[in-house]
Amino acid sequence: MAPGIFSLTESPAPFKITHYKICRTLLTTVYYYAFGEYYHDIILIALEGSLLKLRSFLLLSILSWILFVAITLISSRLPSPVPEQAEAGKSVWQRNNCVSCHTLFGHGGYAAEDLTHITAKETSAYLVNYLVHPPVMRPNNYTRHPALNEADAENLVNYLEFVHTIPTLGWPPQQEEAEAN
Amino acid sequence: MKFFKRFSFRGKIDKSKARKQQFIAQKISRRYCFSAVSLFALQSVVASLGALELVIPDLPSPIPFEYGRAIHLALAVLWPLIGTMGMVYFFTTAELNREIYSPRLARWQYWMVMFFGIGVFSTLALGIGNGREYLEGIPVLYVGICISLVLASYNLVRTLLTDKRNITPAAATMTVGVIFLMLLLLPNTITFSNPITDEATKFWVVHLWEEMAFELTSAGFIATYFIVSGLAPRREVEKWLYLEAVLAVVGGLYGTGHHYYWIGFPAVWLVLGSLVSLVEIIPVGMLVRMTYKGLKSTKIRSNREKLTLWLLLSSVFHHITGASLLGLFLTVPWINLYTHGTYITSGHAHLALFGSLGFAVLAGCYYILSQGSEPTRKGYKGGVLAVILLNSGLIIMSSALLVAGFMETYFWRILGMDFMHVRFILNPYLIIRALGGAIFTLGDLLLSWRIFKAWQATRSYRQPKN
Ligand code: HEM
Ligand code: HEM
Ligand SMILES: [Fe+2]
């Protein structure tokens with residue numbers, strides 16, 4: 001067989017019944033009945049795929065990579081563009097490492113509440129006030145929540161409002177119930 | 001000498017004269033491994049402080065929790081990377097039985113990755129960061145790490161091309177793994193204003209480094225280790241390697257879907273992510289099969305090899321359980337809907353990231369740093385004790401997290417109780433986690449000490465002659 005993507009081994013190994021051979025015989029039989037005269041091609045791919053050559057490995061890797069990047073980028077289209085103020089808020093979120101304690105979309109630290117849909121629960125005035133005059137965090141006696149200045153706090157809340165508009169396929173679950181009630 | 005015997009090749013490229021010297025690349029790989037182990041020791045100390053901070057109110061700390069956690073995660077991503085870089089050089093030369101293209105580039109690469117890596121930790125300690133989980137350092141530092149990976153890729157590709165007819169599957173798999181490490185980090189040096197692109201590309205490191213690129217490099221290491229130490233015949237090992245690599249690449253790439261479920265991506269990822277994650281399991285099975293074959297075939301000769309194998313077996317164990325089985329469970333969309341964003345994820349993260357990847361890198365680092373020496377009986381016992389402590393610490397820590405996670409899922413996600421109230425209920429489990437962490441830290445420090453002793457004993461062992 002020409003050195004194509006798949007090629008057969010010609011291994012004159014001494015005759016020995018191994019699990020491999022038993023499986024091969026069984027599979028051959030099944031495939032013969034299922035696919036008729038084409039069964040041999042399928043077995044070639046399934047069993048002798050081990051002989052996949054370097055070239056095919058590289059080719060498949062490159063193709064999968066390109067396709068994967070493309071569909072990820074297509075999938076990340078937003079329902080509406082990010083407003084400028086929300087973008088500024090995103091950088092406040094990042095500069096202060098909020099993600100160490102809170103999650104967005106369920107990704108982040110576990111010390112505090114998920115904030116993906118917080119703006120549906122609390123008013124923005126409350127949130128801004130919370131960030132500018134942070135309270136002591138339970139169960140601490142002195143340690144307060146990190147503080148932000150007024151402008152940063154407003155941008156941040158704007159960002160959280162934007163995040164709330166991104167559809168998350170029904171996650172988190174109890175939110176759905178809360179809205180249904 | 002025994003050392004030369006172990007590295008005399010039986011197989012396809014059997015043109016070896018007994019070598020009179022160690023390859024320069026192998027000498028350079030020692031510093032990568034040494035640095036990786038040191039950072040690992042640092043990590044468990046940082047982590048223990050963080051775990052305490054979560055259960056002791058008002059604990060004074062030089063670094064606030066939000067930056068401490070960031071350092072912990074930066075270490076979790078970077079020490080396996082640095083160890084892997086060293087291992088790739090070591091095992092590529094062993095596999096091809098010749099020097100790498102440019103030892104000098106490998107030295108530059110080392111200084112780059114260390115400089116920018118330490119840059120990430122120290123800027124975070126000062127409270128300067130970019131606040132993307134796992135990649136909290138400022139982007140320009142990741143550009144440096146990317147360049148270091150570009151040097152590695154170039155060096156490895158040139159090494160392979162020096163003798164085109166002798167590109168062995170293990171060497172090619174490792175090289176492709178390193179190229180992928182670079183490609184996957186690259187988008188993370190860019191700042192996206194779109195929060196969900198940000199979220200997705202982050203998982204190109206969090207998921208695709210661990211479940212694809214490192215899977216390729218690890219497969220290469222294990223294959224080479226078995227071939228070179230004569231534990232399994234070359235033909236047997238190479239037979240399935242490319243198929244395994246292709247499945248790891250395709251399964252890994254589209255399996256990223258299991259992190260795309262709820263971040264604002266279309267629902268098709270629920271189907272794609274969960275189905276392709278099944279494919280991800282196949283190469284794990286093949287890796288385990290290869291390891292098993294190698295173990296069965298020969299008696300293990302020395303305590304050094306035994307200790308390496310204890311580490312490797314720990315990795316295999318956690319790869320099957322904490323990574324693959326638990327991961328598969330969490331991949332089911334109906335389950336993930338409830339468990340997502342709870343301590344269950346954290347339990348899986350520790351079992352998988354340290355249990356399967358961390359142990360594998362430690363096995364390689366120990367093997368490389370102890371090359372040419374044999375542990376004393378006391379040293380071997382110390383090593384085994386360390387492995388036991390690491391495993392029990394890890395299992396206690398992660399089980400506590402899993403129990404906490406299931407309670408969190410039930411009370412918070414299913415019953416809809418108030419988050420902070422549920423947090424208080426979980427406190428006892430977080431204390432158990434901190435205790436498990438302490439045991440883990442003991443094991444970590446003990447193992448690092450053993451590896452340090454091995455490094456010391458072999459320091460002056462071989463000087464390359466040219
Ligand atoms: C060596 C192998 C693996 C490593 C190192 C690993 C590591 C991780 C890490 C660090 C996370 C946490 C991500 C975060 O913080 O958001 C995670 C989450 C996850 N892993 Fe793995 N993992 C491995 C294997 C697997 C496998 C084989 C599967 C499934 C087939 C899997 C399924 C998942 C799922 C579904 C999540 C998301 C949990 C959630 O956020 O709800 N993992 N993994
Ligand atoms: C002494 C041992 C360790 C302790 C006490 C420890 C403790 C912690 C703590 C307190 C967190 C933050 C969790 C939160 O936000 O509530 C964390 C997260 C994490 N640690 Fe560790 N850790 C240890 C070892 C390790 C090791 C060895 C690795 C990997 C090499 C690792 C990887 C991670 C990861 C990936 C996360 C993020 C989990 C997630 O977001 O789901 N840890 N750890
Ligand atoms: Fe994953």
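Just so we're on the same page: letters track the sequence lines, and every chain starts at 1.
B:Leu253 approaches A:Trp65 most closely through the heavy-atom pair CD1-N, 3.6 Å. Between A:Ala111 and B:Phe419, the closest heavy-atom pair is O-CE2, 3.8 Å. A pairwise comparison of heavy atoms in B:Val250 and A:Ser64 identifies CG2-OG, 3.7 Å as the closest pair. Closest of all the heavy-atom pairs between B:Arg413 and A:Trp171 is NH2-CZ2, 3.4 Å. The two residues B:Gly264 and A:Ile166 come nearest to each other via the heavy atoms CA-CG2, 3.7 Å. Counting all heavy atoms, side chain and backbone alike, B:Asp198 lies closest to A:Lys90 at OD2-NZ, 3.1 Å.
Between B:His340 and A:His107, the ring-plane angle classifies as perpendicular under the 30° and 60° cut-offs.
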Criterion side-chain contact (heavy atoms from CB on, under 4.5 Å) on B:Phe65 and A:Cys101, from CA distance to verdict: CA-CA 8 Å; B:Phe65 177 80; A:Cys101 298; 3.7 Å; yes
Worked verdict on A:Asn97 versus B:Glu136 for side-chain contact (heavy atoms from CB on, under 4.5 Å): CA-CA 8 Å; A:Asn97 247 352; B:Glu136 279 101 338; 3.6 Å; yes
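Contacts with chain B were tallied for A:Ser61, A:Gly109, A:Gly108; A:Gly108 has the most, counting heavy-atom pairs under 4.5 Å. For chain A, the option among B:Leu208, B:Asp58, B:Leu124 with the highest count of heavy-atom pairs below 4.5 Å is B:Asp58. Interface check for chain B: of the options A:Phe162, A:Tyr159, A:Phe105, the most heavy-atom pairs under 4.5 Å are formed by A:Phe105. With chain A as partner, the option from B:Ala267, B:Gly129, B:Gly127 having the largest number of non-hydrogen pairs under 4.5 angstrom is B:Ala267. Taking chain A as the reference chain and counting heavy-atom pairs below 4.5 Å, the highest number among B:Leu59, B:Thr173, B:Asn194, B:Thr197 is found for B:Asn194. Chain B forms the most heavy-atom pairs under 4.5 Å with one residue out of A:Thr103, A:Leu78, A:Val82, and that residue is A:Leu78.
Contact annotation for residues 133-147 of chain A against chain B (heavy-atom separation below 4.5 Å, listed by residue number): A:Arg138, A:Pro139, A:Asn140, A:Asn141, A:Tyr142, A:Thr143, A:Pro146. Interface residues of residues 69-77 of chain A toward chain B, defined by a heavy-atom distance below 4.5 Å and sorted by number: A:Val69, A:Ile71, A:Thr72, A:Leu73, A:Ser75, A:Ser76, A:Arg77.
Only the side chain of A:Glu87 has a heavy atom closer than 4.5 Å to any heavy atom of chain B.
Of the inter-residue distances, the one linking B:Leu243 atom CG with A:Phe57 atom CZ reads 11.0 Å to the nearest 0.5 angstrom. Rounding to the nearest 0.5 Å gives a distance of 9.5 Å between NE2 of A:His102 and CD of B:Glu66. Between B:Ile263 atom CD1 and A:Leu169 atom CG the span is 10.0 Å, to the nearest 0.5 Å. Note that CD1 of B:Ile196 is 12.5 Å distant from CG of A:Leu104, once rounded to the nearest 0.5 Å.
Within 6.0 Å of atom CZ in B:Phe424, more than 12 heavy atoms from other residues, nucleotides or ligands are found, so the atom counts as buried in its surroundings. Atom CD of A:Glu84 has 12 or fewer heavy atoms from other residues, nucleotides or ligands within 6.0 Å.
Two rings, from B:Trp204 and A:Phe68, have their centers less than 6.0 Å apart.
At least one donor-acceptor pair closer than 3.5 Å links the side chain of A:Gln94 to the backbone N or O of B:Asn130.
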